[in-house]
Amino acid sequence: MDSVTQAALGAAVAGLVAGKKCSPKVLLAGAALGTLPDLDVLMNYGDPVSDMVKHRGFSHSIFVLLPLSLLLAWCWQKWRPTQFGFTQLWLLIAACLITHPLLDAFTSYGTQLLWPLPVSVAVSSIFIIDPLYTVPLLVMVAGSLLWRRKMARLCGIGLAISSLYLCWSVIALNIVEGRVQDQLANTPMADKPVFIAPTPINTVLWRVVVLDDDTYWEGLTSLLDEDNTIDFIAKARGHWTLDEKPQHLVMLEDFTSQFVKYEQEGDSLTATDLRLGMVEYLPFKFVFATLDSNGTWSSALPVQLESPNVRPKHLPALWLRLLGNQDIDANLCHAKECPKPAKSDV
C-alpha cells in the first residue's frame, strides 16, 4: 500500500497497543515504524527488474521483522527508557512492523512474508491506493490528537472500520472468482491461468485476465452489473522470439506467474507485467533486447519504459463501468464510439 496508508496504520496500531499510555509521540513513532519496511526502495539491486522483484523482500519478512522488533525494543529501553514495560514495548514495535507487510499481502504486487523461503503472497483483493481503507485510519488518528483521553479507543475504531473493509474486499474477490469460474466452466479456457484484481481505488469494479498461449483475454465485471456475464476481449500476448531468454526475463516471468506480454517495438523487444494497471496503463514494461546496426539482437540489462499518462476520457468511462454500464469494454471504450474488438465465446 502507499506510504500514507502505512503510516496511518502504524500510528493506529501503536495507539491501540499503547492503551492508556498513548500520546502524540507514540502515534508518531508508530507512523515511522509503519513505513520502515518500505525503506528497501532506497536499495539499488543493479537494474529495474531486480528492483521490482526484490522489493517487498527481506524487509517484509516476518523472519526478519520479528528479530528486528526485539532488537529495537531492547535498544529503546537501554538508551531511551520509557513508561512501557519491555513486553508491551516489543509488542507495539512488532505490531507496527508486521501489519505493514500483512496489509501489502492483500494487494496484487506480491509480498515475501516468509523470505528467504521462495513464497510470495498476493491476495489481490485491494488496490495499492484505496481511500475507503485509508480515510477511517486518518480520521480516527487525527481525532485522537484532539481527544487525547480517548486516543486508544479512537485508534481501535479506525482499525476496526478499515479491517472490516479489508474483509469486504476478500468477500468481493470471492464473488468475482465465482462469476469467472461459472463462466469459464466447460469452455476451452476452463483450465487457463486467471488473474483477478480490483481496478484503481475501489472494490466494486474488477479486472479479469485469462492467459491463452499467444493471446490473453481481458474483461471487466462490476458488482453492480445486472448481467454477471463478463465480455472478454482478445489481446495479443505474443511470445519471446529469440532462442534464449535473458535471466532477468525469467525472473519477471516467475515473479508474475507468467502473466507477461511480449512485444517488438521498433528495434526493441519488450515484456510487460499484465497484472498491475489496466488498458494501456501497465507501469512495469521493460526492454530486454535491442537490434544493433548489423541486424543482430543483443540482450543487456533491462530498461524500464515510462507508462503513458492517463487519458481524461478514460476516467468517466471507468466510473460509468463501475456503476454497471456494460456497454463499456475492458479498453474503457463505449460500444458506440470504439471499433468492436474480438470477443470470446464464453
Side-chain angles (χ1 to χ4, degrees), residues 40-57 108-110 118 120 122 128 189 192-195 197 200 207-219 232-314 329-333 338-344:
D40 68 331
V41 298
L42 301 178
M43 300 184 67
N44 185 349
Y45 292 98
D47 64 88
V49 171
S50 297
D51 291 343
M52 175 189 180
V53 170
K54 295 180 181 180
H55 175 49
R56 295 190 184 179
S108 302
Y109 191 94
S120 184
I128 193 170
M189 294 199 291
K192 300 294 185 179
V194 177
F195 175 77
R207 175 174 175 255
V208 183
V209 178
V210 185
L211 295 186
D212 187 17
D213 298 325
D214 289 350
T215 301
Y216 70 97
W217 299 88
E218 184 172 354
F232 287 101
I233 59 177
K235 297 186 177 183
R237 183 187 176 214
H239 62 276
W240 185 251
T241 57
L242 303 185
D243 293 334
E244 294 185 4
K245 286 185 179 180
Q247 179 184 359
H248 290 88
L249 178 56
V250 175
M251 288 172 55
L252 181 65
E253 291 175 336
D254 291 342
F255 182 68
T256 62
S257 300
Q258 306 300 317
F259 279 86
V260 174
K261 176 173 68 173
Y262 310 91
E263 297 174 284
Q264 179 176 342
E265 301 182 3
D267 59 356
S268 299
L269 293 180
T270 67
T272 306
D273 184 350
L274 289 173
R275 305 168 308 148
L276 307 174
M278 61 184 302
V279 198
E280 69 260 36
Y281 312 118
L282 301 173
F284 293 102
K285 182 175 185 177
F286 306 92
V287 174
F288 284 94
T290 56
L291 189 65
D292 62 25
S293 57
N294 297 322
T296 303
W297 289 101
S298 58
S299 301
L301 286 178
V303 176
Q304 185 171 359
L305 301 178
E306 291 187 8
S307 179
N309 294 326
V310 176
R311 298 182 185 179
K313 71 174 184 178
H314 283 157
D329 63 23
N331 288 328
L332 296 181
C333 280
C338 302
K340 290 185 178 180
K343 292 189 176 183
S344 70

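Note that the structure is predicted; figures quoted are calculated from it, not measured.
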Is the side chain of [X] donor-acceptor paired with the backbone N or O of [Y] at a distance under 3.5 Å, no angle test?
X      : Y      : result
Glu263 : Ser268 : no
Tyr45  : Met52  : no
Asn44  : Gly46  : yes
Arg237 : Asp213 : yes

**Message:** Can you list everything that forms a salt bridge (charged side-chain N to carboxylate O under 4.0 Å, His left out) with Glu244? Sequence neighbours excluded, please.
**Reply:** none
**Partner residues of Asp273 under the salt bridge (charged side-chain N to carboxylate O under 4.0 Å, His left out) criterion, sequence neighbours left out** = Arg275
**Item:** Asp292, CG: over 12 other non-hydrogen atoms inside 6.0 angstrom
**Value:** yes
**Asked** Quick check: are there more than 12 heavy atoms from other residues, nucleotides or ligands sitting under 6.0 Å from CD of Gln247?
**Response** no
Side chains of [X] and [Y], heavy atoms from C-beta outward: is any pair under 4.5 Å?
X      : Y      : result
Leu274 : Val260 : no
Phe286 : Thr270 : no
Lys235 : Trp217 : no
Phe255 : Phe284 : no
Lys245 : Phe288 : no
Lys285 : Lys261 : no

**Asked** Taking only residues two or more places apart in sequence, or in another chain, which ones meet Asp243 in a side chain to side chain contact (heavy atoms under 4.5 Å, CB included)?
**Response** none
**Prompt:** Nearest 0.5 Å, what's the CG-CG distance between Leu269 and Leu249?
**Reply:** 10.0 Å
**Asked** With no hydrogens and no angle check, do the side chains of His314 and Tyr281 hold a donor and an acceptor under 3.5 Å apart?
**Response** yes
**Message:** Hydrogens and angles aside, do Ser50 and Asp47 bring a side-chain donor and acceptor to less than 3.5 Å of each other?
**Reply:** yes
**Prompt:** Between Phe259 and Phe195, what is the ring plane arrangement, given parallel below 30°, perpendicular above 60°, and tilted in between?
**Reply:** tilted
